[in-house]
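We name chains A, B, ... by the order of the sequence lines, and we start the count at 1 in each one.
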Number of protein chains: 2
Amino acid sequence: MKYSQATDYALHAMLHLVSEAPDKPVSVHLLAEKLGVSPTYLSKMLTKLVKAGLIHSVPGANGGYRLRRSQEDISFLDIIHAIEGTASVFECSLNHGSECQIQQVVLDAERQMEEYLRNRKISDITRPS
Amino acid sequence: MKYSQATDYALHAMLHLVSEAPDKPVSVHLLAEKLGVSPTYLSKMLTKLVKAGLIHSVPGANGGYRLRRSQEDISFLDIIHAIEGTASVFECSLNHGSECQIQQVVLDAERQMEEYLRNRKISDITRPS
DNA sequence: TAATTAGAGACTTAATGAATCCATAATAAC
DNA sequence: GTTATTATGGATTCATTAAGTCTCTAATTA
Ligand code: SF4
Ligand code: SF4
């Protein structure tokens, strides 16, 4: 069970946006260069982050991406959910009702992890790669 | 990010072994029938559980699988690790030393989840499907 | 010795991840 | 208004992994 590479890229991209782009939008071209990844590929993840409401995009010349002013406290969980989706780690085919204990244990465990990631904000980290 | 179907089967198989087979070994054929899965496929997972030291196998007629007497307190984490392996959910290509904060946050989050799963024993659950 | 069971490996198929390419739309600079 | 610049979206390719089957072998008991 692993997070996709895309989540890795998204985390790093957000880290750059937080620490280096307070106001001016930065283009996907520049971001991709810093991360060492294809611009067209990185653009997919940035689009997901836009749709999740974490960042804002401005098209046209000198455009790019910048943080949403309204949302300074972006959590790790926000980014991960934006890329990976919010599906649960455990989904059995035949759902034997809500009192199933196997599901309860595994889902509670997942909630522990999510709670931790929800409390960690990307702005806490200040060391870009 | 999801656990594989194999983990699902392994959890259910262990649950059956705990609740229904205190002594007599139960064959993979019977287990597979109860779980509604192919015997040869289920056998892969049971073999992994054997190698992880969670259960014991006895070949020959009237053989099958039974719990290891020594290990009554099998945790969810034991089973999951036996099937999924112990690789981390987050592994970046270029490892910038141990002080990397991105890795620290995500791996700490994973540790939260694992700690929870380590404290939940399969013997706590007693409602087979 | 024969029947029964686990174990191991090759193999097939389907799904997903990772990435590229191209075509379109929107915006700003000129 | 035209053009350059940028994001957005879809289609497509390639590689990897999950999921499952088939078959042969080894061990054990009846
Ligand atoms: S017992 Fe729980 S995990 Fe198992 S099949 Fe039923 S609902 Fe799903
Ligand atoms: S900053 Fe951390 S997560 Fe990012 S590439 Fe370096 S070691 Fe990996």
Applying salt bridge (Lys or Arg N to Asp or Glu O under 4.0 Å) to A/K51 and not counting sequence neighbours gives none
Can you tell me if B/S38 touches the phosphate of D/dA19, counting only side-chain N or O atoms and a distance under 4.0 Å to OP1 or OP2? no
Would you say A/S43 reaches D/dT8's phosphate, i.e. side-chain N/O to OP1/OP2 under 4.0 Å?
-> no
Between CE of B/M45 and C1' of C/dA8 the distance, given in whole Å, is 15 Å
Going only through I, L, V, M, F, W and Y residues with side-chain contacts under 4.5 Å, is there a path from A/V58 to A/V18? no
- Query: So what does A/V28 touch, heavy atoms closer than 4.0 Å: a base, only the sugar-phosphate, or nothing?
  - Reply: sugar-phosphate
Checking all strands, does A/K48 fall into the base, sugar-phosphate, or nothing category for heavy-atom contacts under 4.0 angstrom?
-> nothing
Collect all protein-nucleotide pairs involving nucleotides 9-17 of chain C in which both atoms are nitrogen or oxygen and the distance is under 3.5 Å.
residue	atom	partner	partner atom	Å
C/dG9	N7	B/K44	NZ	3.3
C/dG9	O6	B/K44	NZ	2.7

### Query
Is it true that a side-chain atom of A/T47 and a backbone atom of A/S43 form a donor plus acceptor pair closer than 3.5 Å?
yes
A/I83 CD1 to C/dA19 P, in whole Å, measures 13 Å
### Task
Would you please test B/I79 and B/L117 for side chain to side chain contact (heavy atoms under 4.5 Å, CB included) and show each step?
CA-CA 10 Å; B/I79 301 171; B/L117 290 171; over 6 Å; no
B/Y3 OH to D/dA19 P, in whole Å, measures 14 Å
Residues at least two apart in sequence or cross-chain that pass side-chain hydrogen bond (donor to acceptor under 3.5 Å, both in side chains) with A/E110, listed by chain then number, are A/S88
The salt bridge (Lys or Arg N to Asp or Glu O under 4.0 Å) partners of B/E33 (sequence neighbours excluded) come to none
Between CZ of B/R66 and P of C/dA6 the distance, given in whole Å, is 13 Å
May I ask you to say whether A/D108 pairs ionically with A/R111, meaning some side-chain N is under 4.0 Å from a carboxylate O?
yes
note: B/K2, atom NZ; D/dT17, atom P; distance rounded to Å ~ 18 Å
To the nearest angstrom, the OH-P distance between B/Y65 and C/dT4 comes to 18 Å
Q | Note, A/F90 side chain near B/K2 side chain (heavy atom, < 4.5 Å) | A | no
Whole-Å distance, B/L49 CG to C/dG7 P, equals 10 Å
Applying salt bridge (Lys or Arg N to Asp or Glu O under 4.0 Å) to A/E84 and not counting sequence neighbours gives none
Closest of C/dA19, D/dT8, C/dT5 to the B/S27 side chain is C/dT5
A/H29 NE2 to D/dA4 P, in whole Å, measures 17 Å
What's B/Y9 touching, base or sugar-phosphate or nothing? Going by heavy atoms closer than 4.0 Å.
sugar-phosphate
Whether each nucleotide of nucleotides 24-30 of chain D has a protein heavy atom under 4.0 Å at its base (B), only at its sugar-phosphate (S) or at neither (-) is summarised, 5' to 3', as ---SBS-
query = In terms of side-chain geometry, is the basic nitrogen of B/R118 or B/E115 positioned less than 4.0 Å from the acidic oxygen of its partner?
reply = yes
Just checking A/K51: base, sugar-phosphate only, or nothing, at a heavy-atom cut-off of under 4.0 Å?
sugar-phosphate
